[in-house]
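Below is one structure, written out as structure tokens; the observations come after it.
Reminder, nothing fancy here: chain letters follow the sequence lines and each chain counts from 1.
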Protein chains: 2
Amino acid sequence: MTDGGIETARRTPATLHDVAREAGVSLATASRSLNGSTRKVNEEYRKRVLEAAARLDYSPNLSAQAVARGTTTTVALLVADIADPYFSSIAAGVVAEADHERLIVTMAATERDPERELELVRTLRGQRPRVMILAGSRPTSDPTEGALGEELRAYERSGGVVVLISRNELELRTVLVENRDGAEALARELVGIGYRRFAIITGGEGLRTAADRVDGFRAGLAATGGELRDDDILRAAFTRDGGYDGMRSLIERGLGDLELVFAANDVMAVGALSAIRDANLVPGRDVAIAGFDDIPTVRDVTPALTTVRVPLEEIGRRALRLALGDEEAANEGAIRTEVVLRESTPGITR
Amino acid sequence: MTDGGIETARRTPATLHDVAREAGVSLATASRSLNGSTRKVNEEYRKRVLEAAARLDYSPNLSAQAVARGTTTTVALLVADIADPYFSSIAAGVVAEADHERLIVTMAATERDPERELELVRTLRGQRPRVMILAGSRPTSDPTEGALGEELRAYERSGGVVVLISRNELELRTVLVENRDGAEALARELVGIGYRRFAIITGGEGLRTAADRVDGFRAGLAATGGELRDDDILRAAFTRDGGYDGMRSLIERGLGDLELVFAANDVMAVGALSAIRDANLVPGRDVAIAGFDDIPTVRDVTPALTTVRVPLEEIGRRALRLALGDEEAANEGAIRTEVVLRESTPGITR
DNA sequence: TCGGGGTGAGAAAGCGCTTCCTCGCACGCC
DNA sequence: GGCGTGCGAGGAAGCGCTTTCTCACCCCGA
């Protein structure tokens, strides 16, 4: 009745039941043949089942499996903005590793809104994902602070594992990135090639990643005699336009003897570059600029951008491995970063 | 026994059963209270259930719902490369619209490999997604051609809906993009501002999108007297490095009187720009360059890139709306594109 | 010859939900 | 006052799977 006899006309996908009937075996045997059960099943039967499955174009219903097994093969990924190269690179890493582990990844965007993030975590929990990865640091002054932590802990209590990327405000597994050290090294190198007067454009209030980078940069300057006045730290949106705006206000109030602007990430740096050009100044000559992340495009802008390389895909991969309990991943320490000097900071000979 | 009496110690998430018991109502009533059933339920009961759910931190098991309802709230998205801005922008659109419809999106990357794509479609089918969106055109000369079509049709027969983005080789719902017209318009404008001698760098053999753009561009030239020799159409990988390599071989064999290079997408164009610079030539002056897509970065490169804008996020959104049977989306016709002239094609006065 | 043990197929219970169906109840009409 | 009707709560079946548990069967040793 259900399958009207003619296969090609069936309206609903073949079930395991169909396969079992087609193969002339029991449901149990069919199930055991198609997944890697520990139980042995007669070779002859197994073959019959496999053939029947192929004939019926059977594809196991993952939801049903999840219900029966009490566990899924899903990993949930939460990022601030999918179109941002920083996040899309991380996502690519997560997806690659997930694929390797035959896991499925579901993705959502918080749009940098803590409330939204909390709500998404709630919804995503309904999927009972094995792993939940949260990328993108959030304001330390966060209205939902406690709630998110509570939610995540509840999720872990029920058997899930959460991994945070570069945000250690909660006591959870975390992929740490050498943001601070990278920025400090950058500052040292920049002073080393002659720069003295700096300004910083950074993201909104209290973003962990941004704050670490700024701290590191200051520390590097402090150690080497670079100069950074307090009012030379500008806050703007953590986006290309934020960088543009930040740089513009810097220009509008007069560059003075300012020599180099450090933007807390590359997309901002790229925006800043355009702001400089739009003011008919020459980036690298009139004012140098440096970023952070080494997203793919920065080697193609002019001048090519000095930055701190962070292996974004690697972060994504590491996050998943960490979640899956990979020993190595757990012991490798923070993700290493590396200063990359390019033409946007040609250096100053004094 | 299962819940040991103390809520905070429970190891497994609360079930609907727990909620019902806690609220002192039947399973059926609990279910009806928590989802938008058509049936009425006593206000007093509903309130009790909602409270119980909150108290137990209940979150419905989506897999179980899917099994019971026979339908999921999932949309599957297949792209070639997540880190590529073209795809990540489209993905962002899909995710935004999905979120709006309270759907969950799962994402996978084909890495431009038809075999992989086929396999992914097979796996993803197990999820019984409501919608499957495939982005990224594929070789027309494709070993798995028939198989993929077969698989997708089978999926549709079982109630799913698939939407292709800019690849009309299969008889399936498609988001069409004015690739051809856009490229033609671009060619006309470029001839209009004085260019005569052109070359094209395009993606690998038979990519639909690439082919359409090339065709359109040729048509535009043909109509206006622009000149394009057959051996001035170069094939390379559809990536930044492909663009770089393509441009380099163009340079190595001698630019001659070549005036403008059209790259079939922006990432290639950006690569080409760098190749030009690396050869100590000045893009825009020594040779002009134009791309296609208007990805975010191209306004920040120097010279800013002339391109054809295609609203990438809109494509993603449209794809999902189309899948969901949105009348409007179905009748709107191809996605409009728009020529954007920038400094990389300053024009030639003759 | 008979019993014990090992093997593996199949019946059936169960996973967390939805939804059909039954049935008690209150109400209104003649 | 009796009965039909509508309403809505709850029992129970069922979704597509997995995994116990039962049990038939075969081989072997005493």
Side-chain angles (χ1 to χ4, degrees), chain A residues 1-3 10-49 52-53 56-74 125-128 158-159, chain B residues 1-3 10-49 52-53 56-74 125-128 158-159:
Chain A
M1 196 55 125
T2 355
D3 62 344
R10 56 178 314 123
R11 288 226 49 77
T12 109
T15 71
L16 188 58
H17 189 92
D18 299 329
V19 175
R21 184 156 30 69
E22 172 87 8
V25 302
S26 74
L27 209 51
T29 301
S31 170
R32 292 195 271 256
S33 306
L34 288 171
N35 71 21
S37 158
T38 46
R39 282 258 316 245
K40 274 197 176 159
V41 18
N42 185 304
E43 199 42 55
E44 164 68 15
Y45 280 15
R46 175 194 303 283
K47 196 160 142 276
R48 289 230 304 266
V49 172
L56 297 183
D57 197 14
Y58 172 74
S59 137
N61 183 321
L62 261 30
S63 295
Q65 287 193 325
V67 173
R69 291 189 175 142
T71 152
T72 64
T73 57
T74 302
R125 254 186 71 193
Q127 286 199 78
R128 306 287 185 268
S158 69
Chain B
M1 197 52 131
T2 354
D3 61 345
R10 55 177 316 124
R11 289 228 48 78
T12 107
T15 72
L16 188 58
H17 188 92
D18 299 330
V19 175
R21 184 155 32 68
E22 171 87 10
V25 301
S26 75
L27 210 51
T29 300
S31 171
R32 291 195 273 255
S33 307
L34 287 171
N35 71 20
S37 158
T38 46
R39 282 258 316 246
K40 273 196 176 160
V41 18
N42 185 305
E43 200 40 55
E44 163 67 11
Y45 281 15
R46 175 193 303 281
K47 196 160 141 276
R48 289 230 303 267
V49 171
L56 298 183
D57 198 14
Y58 172 74
S59 138
N61 184 321
L62 293 182
S63 296
Q65 286 192 325
V67 173
R69 291 189 177 145
T71 152
T72 65
T73 56
T74 302
R125 254 186 73 193
Q127 285 199 78
R128 307 285 184 270
S158 69

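Remark: P of C:dG16 and CZ of A:R128 are 9 Å apart, rounded to the nearest angstrom. The CD atom of B:E44 sits 15 Å away from the C1' atom of D:dG8 (whole-angstrom rounding). A straight line from CD of B:E43 to C1' of D:dC7 spans 16 Å, rounded to a whole angstrom. If you measure from atom CZ of B:R46 to atom P of D:dA9, you get 9 Å, rounded to the nearest angstrom. Straight-line distance from the CG atom of A:L62 to the P atom of C:dG16: 18 Å, rounded to whole Å. Atom NE2 in A:H17 sits roughly 12 Å away from atom P in D:dG14 (whole-Å rounding). Taking atom CZ of A:R69 as the reference point, atom P of D:dG16 lies 17 Å away to the nearest angstrom. The distance from atom CG of A:N42 to atom C1' of D:dC26 is 14 Å, rounded to the nearest whole Å.
At least one side-chain heavy atom of A:V49 sits less than 4.5 Å from a side-chain heavy atom of A:V19. Between A:T71 and A:R128 the shortest side-chain heavy-atom distance does not fall below 4.5 Å. Using a 4.5 Å heavy-atom cutoff, the side chains of A:P13 and A:N61 are not in contact.
Residue B:L27 places its side chain closer to C:dC17 than to any other of D:dG11, D:dT18, C:dC17. Checking C:dA11, D:dC17, C:dG16 against every side-chain atom of A:S26, the shortest atom distance belongs to C:dA11. Here C:dG16 is the nucleotide among D:dT18, D:dG10, C:dG16 with the atom lying nearest to any side-chain atom of B:V67. Across C:dT18, D:dG16, C:dG16, the shortest atom-to-atom separation from the side chain of B:L16 is found for C:dT18.
Axis angle across the helix from C:dT1-D:dA30 to C:dC30-D:dG1, with five pairs used at each end and values rounded to 10°: 60°.
Phosphate proximity of C:dG10 to A:T29: present, with a side-chain N or O under 4.0 Å from OP1 or OP2. Checking the phosphate oxygens (OP1, OP2) of D:dG16, no side-chain nitrogen or oxygen of A:Q65 falls inside 4.0 Å. Taking 4.0 angstrom as the limit, A:N61 places none of its side-chain polar atoms (N or O) nearer than this to OP1 or OP2 of D:dC15. Contact check, B:Y45 against D:dC7: no side-chain N or O comes under 4.0 Å of OP1 or OP2.
The CZ atom of B:R46 lies 9.5 Å from the CG atom of B:N42; values are rounded to the nearest 0.5 Å. One finds the CZ atom of A:R21 at 10.5 Å from the CG atom of A:L27 (value rounded to the nearest 0.5 Å). For the atom pair OG1 (B:T74) and CG (B:L62), the distance works out to 8.0 Å, reported to the nearest 0.5 Å.
For B:Y58 against B:L34, the heavy-atom pair with the smallest separation is CE2-CD1, 3.6 Å. Nearest heavy atom pair, residue B:T72 against residue A:S63, reads CG2-OG, 4.3 Å.
Checked by atom type and distance alone, the side chain of A:S33 pairs as donor or acceptor with a backbone atom of A:T29 at under 3.5 Å.
Both B:V25 and B:A68 lie close to DNA chain D; mapped to their nearest nucleotides by heavy-atom distance, the more 5′-ward contact belongs to B:V25.
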Give me the distances for all protein-to-nucleotides 21-26 of chain C N/O pairs that come in under 3.5 Å?
from: C:dC21; atom 1: N4; to: B:R39; atom 2: NH1; distance (Å): 3.1

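With respect to the salt-bridge test (charged N to carboxylate O, under 4.0 angstrom), the residues A:E44 and A:R48 qualify.
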